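Some notes on the structure that comes next.
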Amino acid sequence: MSLTPLEGGEAPVEVTGRDFPTNRGGLCRKGWTAAELLQHPERITEPLVRDADGALRPATWDEALERVANELRRIQAEHGKDAVGIFGGGGLTNEKAYLLGKFARVALGTSRIDYNGRFCMSSAAAAGNRAFGIDRGLPFPLTDVDTADTILMLGSNVAETMPPFVQHLAGARAAGGLVVVDPRRSATAQLTDDGAGTHLAPAPHTDLVLLLGLAHVVINDGLLDSRYLAERTEGLESVIRSVAPWWPERVQATTGVPADLIRSTARRLAESARTGSCYILTGRGIEQHADGTDTVTAAINLALLLGLPGSPRGGYGTLTGQGNGQGGREHGQKADQLPGYRKITDPDARAHMARVWGVPEASIPGPGLPAVELLRTLGTDDGVRALLVHGANVVVSAPDVSAVRDGLRRLDLLVVSDFFLSETAREADVVLPVLQWAEEEGTMTNLEGRVLRRRRAVEAPEGARSELWIMNRLAELLDAPSAFPTEPEVVFEELRSASRGGLADYSGVSYELLDTGAEVYWPYPAGSSGTPRLFAERFAHDDGRARLVAVRAATPSWSPSRPAPEEFHLATGRLLEHYQSGAQTRRVAALSTAQPEPRLQLHPAAAARLRVADKAWVRVTRLGERATQDAAPSSSGSAAAGREVLCRVELTLDIRPDTVFLPFHFPGLAAANQVTESRTDPISGMPEFKTTRVLVQPADFPPAGDPDADLICASQHEGRSS
């Protein structure tokens with residue numbers, strides 16, 4: 001993406017797509033309209049602090065930062081180092097993500113840091129690490145996918161979430177080999193129409209069973225790559241035993257996917273792996289579950305059985321979900337990691353970082369808490385009493401947001417760095433205005449592991465500051481050891497040293513190299529030419545072999561074929577027009593007009609049972625917290641039970657009758673995460689976003705005579721601000 005500024009350095013007036021290998025000049029609607037936010041009238045351009053009367057008022061930078069530093073010192077003196085936490089974001093540049101991790105562990109001495117990537121990529125990362133010994137979203141350039149004649153895509157609706165990606169599916173579609181697994185007939189699933197492929201629509205939360213069934217056919221029919229498995233993997237026998245109970249007819253009974261389709265899909269994958277080019281790609285739909293790591297592992301096992309990872313015939317990969325979803329998880333924002341994708345419990349890694357930072361190794365804290373656990377401790381006696389938020393809007397994006405909001409309100413101090421007064425910023429004691437993407441230098445790492453330069457295109461508003469500058473000033477006020485540079489290139493030079501020898505080694509990368517336009521894929525040790533394709537010769541485990549890991553699935557305790565009339569599985573996800581919590585896209589007129597509110601997708605047969613019509617208001621309640629028909633919104637803006645959503649219905653044949661779908665981009669009464677659970681995957685810490693058992697009931701809301709009441713904006717004036 002590039003910008004054309006007006007004369008005199010004013011705001012950009014034109015966005016153009018660059019001819020880059022991943023998008024080939026294409027942008028989605030969000031990209032074409034992104035420049036509108038740079039001089040948006042709601043842009044924050046001066047710090048805000050909360051007065052004794054509860055109102056946010058403008059303040060100077062000195063006043064705001066001194067208040068933050070004084071409160072941080074007091075809280076840690078009274079409650080200990082871990083009483084201060086940091087919540088980061090997958091949209092931060094590599095430099096900001098790196099320095100944020102350093103700031104937590106060196107300036108604050110706290111272990112309590114994690115980030116919103118825990119909601120996005122953590123299950124795929126955990127599965128990749130245990131199978132391959134390393135986590136890189138795509139271990140090959142995306143353009144390799146162009147030659148595939150078969151692509152199995154599980155849980156990813158790229159046609160809406162990443163529209164430019166669709167052009168890379170053209171080869172598989174032309175060969176009739178695009179296989180999309182999704183309980184909805186999503187825009188991506190529709191790409192399989194007219195002979196372009198196959199749509200498999202399993203019952204909610206049965207993706208793991210479907211994958212075990214596909215592996216069963218590959219093994220039982222002798223379709224596995226025996227030579228590859230013998231030479232490059234460990235664990236085959238345990239996987240054979242684990243998939244034995246899942247023959248196609250049993251899988252059909254659990255998932256609803258016909259047994260003949262299961263067999264034909266497995267055979268298509270195997271034939272393509274032998275004679276053509278085959279890829280297995282996963283997304284959030286199979287990852288955002290309490291068994292997400294095991295489900296992704298089952299997808300990796302299938303790829304290994306077919307001999308795909310590291311071969312010239314295809315591979316396995318996962319699609320990142322945020323702007324710097326790959327780089328943001330490599331250099332220290334995660335609770336259990338140090339820069340370079342090092343484990344924080346590794347003595348050698350700790351010693352290396354102590355040398356780079358110039359601090360005693362013993363002063364570096366140990367592992368912290370993953371995001372959901374961290375948020376659960378907010379404001380508790382032995383938990384986090386102060387929280388610094390960078391690049392996240394947890395009041396909308398976290399699971400069980402009512403509990404998260406309550407936790408934020410119990411804090412002694414909440415500091416939010418943002419460029420809009422997001423729903424989380426409205427809860428803050430101090431709001432610090434920061435730069436937007438077009439106003440800063442830095443680097444990002446894309447879904448292929450390719451490091452890219454971000455260049456400043458326009459000048460920032462006079463009062464906004466980079467997070468690098470903010471951390472530098474706070475580190476000075478806190479008398480922190482080590483250096484906290486303000487220039488991105490200087491930070492990157494330190495990151496190079498910090499990552500040297502790690503799995504994500506950037507030591508051979510420099511701004512000078514990136515500025516030449518070179519294709520730079522990590523690991524890129526000094527003196528090398530980088531690694532566009534991983535696993536060609538060996539995997540990242542010490543013995544060079546991949547691990548097949550046996551995973552098991554239980555038959556769902558709740559049968560989707562026999563629910564009560566108002567019971568459904570709720571799936572959440574994105575819309576084409578919006579992104580993440582919607583704090584930015586809801587402020588773009590064209591996007592907001594196109595999708596001004598969330599609609600609950602409901603099958604007409606289910607609507608008939610409920611006796612609701614298209615566009616009717618309904619109440620969605622987490623099962624076990626049944627709503628009463630006369631319940632009314634509370635004064636705080638959340639539904640009376642605190643675990644409800646009020647929204648309108650959109651009738652569609654593109655969803656299963658046992659399933660409803662709700663986008664998660666909206667706040668207040670319409671926040672889908674009011675009803676999602678905080679239950680997490682025990683390995684990755686990923687929340688159970690994709691399958692929540694809910695009740696859907698007709699709602700006597702909005703009040704009679706006010707059919708267009710705006711629920712979406714209900715949260716815009718809630719919270720502690722006046």
Side-chain angles (χ1 to χ4, degrees), residues 90 117-140 152-156 181 205-215 218 229 232-236 238-239 242-243 279-310 314-322 325-326 328-330 334-337 341 343 370-372 447-449 503-504 534-535 539-541 545-553 679-691:
R118 186 73 63 175
F119 302 156
C120 186
M121 295 296 304
S122 56
S123 290
N129 279 321
R130 73 179 181 180
F132 305 130
I134 197 170
D135 159 42
R136 197 176 91 184
L138 296 184
F140 45 78
L152 174 62
M153 182 166 288
L154 300 120
S156 182
V181 177
H205 211 175
T206 63
D207 309 282
L208 175 53
V209 171
L210 177 62
L211 285 161
L212 295 176
L214 291 170
V218 168
L229 290 163
R232 304 206 60 188
T233 72
E234 299 284 349
L236 175 60
S238 63
V239 168
S242 69
V243 305
Y279 288 86
I280 297 176
L281 305 176
T282 63
R284 307 299 82 73
I286 71 164
E287 298 164 15
Q288 290 178 325
H289 293 288
D291 62 355
T293 301
D294 283 353
T295 306
V296 178
T297 297
I300 293 173
N301 285 344
L302 179 60
L304 289 169
L305 291 172
L306 297 171
L308 297 177
Y316 162 81
T318 185
L319 308 179
T320 54
Q322 297 192 66
Q326 181 66 59
R329 66 183 187 266
E330 296 169 359
K334 293 182 76 172
D336 56 349
Q337 286 184 359
Y341 231 129
K343 294 181 179 178
V372 174
L447 76 171
E448 314 159 296
L503 289 172
L534 291 170
F535 315 143
F539 294 97
H541 291 298
R545 299 168 75 89
R547 303 293 190 263
L548 287 147
V549 180
V551 294
R552 291 173 172 80
R679 186 165 57 103
T680 59
D681 183 300
I683 300 170
S684 67
M686 171 73 81
E688 177 65 67
F689 280 123
K690 291 301 184 189
T691 309

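Keep in mind that this is a model prediction, so the values were computed, not measured.
- For the residue pair Arg679 and Ala290, the shortest heavy atom distance occurs at NH1-CB, 3.5 Å.
- Side-chain N or O atoms of Gln288 include none that pairs as donor or acceptor with a backbone N or O of Cys120 at under 3.5 Å.
- Contact record, Gly685 with Thr680: O-CG2, 3.6 Å, taken as the closest heavy-atom pair.
- Rounding to the nearest 0.5 angstrom, the gap separating the CZ atom in Arg547 from the CD1 atom in Ile300 is 13.5 Å.
- Between the CG atom in Leu319 and the CD atom in Gln326 there is a gap of 11.5 Å [rounded to 0.5 Å].
- Contact between Ile134 and Leu534 at its shortest, heavy atoms only, is CG2-CD1, 4.4 Å.
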Side chain to side chain contact (heavy atoms under 4.5 Å, CB included) between Arg118 and Lys334, worked out: CA-CA 8 Å; Arg118 186 73 63 175; Lys334 293 182 76 172; 4.1 Å; yes
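- Within the model, atoms CZ of Arg284 and CE of Met686 stand 6.5 Å from one another, a figure rounded to the nearest 0.5 Å.
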Side chain to side chain contact (heavy atoms under 4.5 Å, CB included) between Asp135 and Arg329, intermediate numbers included: CA-CA 10 Å; Asp135 159 42; Arg329 66 183 187 266; 2.7 Å; yes
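- In this view, Tyr316 satisfies the ring-ring contact (aromatic ring centres under 6.0 Å, His included) rule with no residue, not counting sequence neighbours.
- Between Arg130 and Asp294, at least one side-chain N (NZ, or NE/NH1/NH2) sits under 4.0 Å from a carboxylate O, which counts as a salt bridge.
- Without hydrogens or angle criteria, Arg232 side chain to Phe535 main chain gives a donor-acceptor distance under 3.5 Å.
- Between Thr297 and Ala127 the shortest heavy-atom distance is OG1-CB, 3.5 Å.
- Within the model, atoms CG of Leu306 and OH of Tyr279 stand 13.5 Å from one another, a figure rounded to the nearest 0.5 Å.
- With values rounded to the nearest 0.5 angstrom, Leu503 atom CG is found 14.0 Å from Phe132 atom CZ.
- The two atoms that bring Leu304 and Leu229 nearest to each other are O-CD2, 3.4 Å, heavy atoms only.
- Counted by atom type alone, Glu287 and Thr318 present one or more donor-acceptor pairs between their side chains at under 3.5 Å.
- Here the OG-CG distance, from Ser156 to Leu154, works out to 9.5 Å after rounding to the nearest 0.5 Å.
- For the residue pair Thr295/Asp207, the side-chain donor-acceptor check at 3.5 Å is not satisfied.
- No donor-acceptor pair closer than 3.5 Å links the side chain of Asp336 to the backbone N or O of Lys343.
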Side chain to side chain contact (heavy atoms under 4.5 Å, CB included) between Leu211 and Val243, intermediate numbers included: CA-CA 9 Å; Leu211 285 161; Val243 305; over 6 Å; no
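- At distances below 3.5 Å, at least one donor-acceptor pair connects side-chain atoms of Arg136 with backbone N or O atoms of Glu448.
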Leu208 and Ile286: CA distance, side-chain angles, deciding distance, side chain to side chain contact (heavy atoms under 4.5 Å, CB included) verdict: CA-CA 8 Å; Leu208 175 53; Ile286 71 164; over 6 Å; no
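- Scanning all heavy atoms of the two residues, the minimum distance from Ala126 to Ser684 falls at CB-CB, 4.0 Å.
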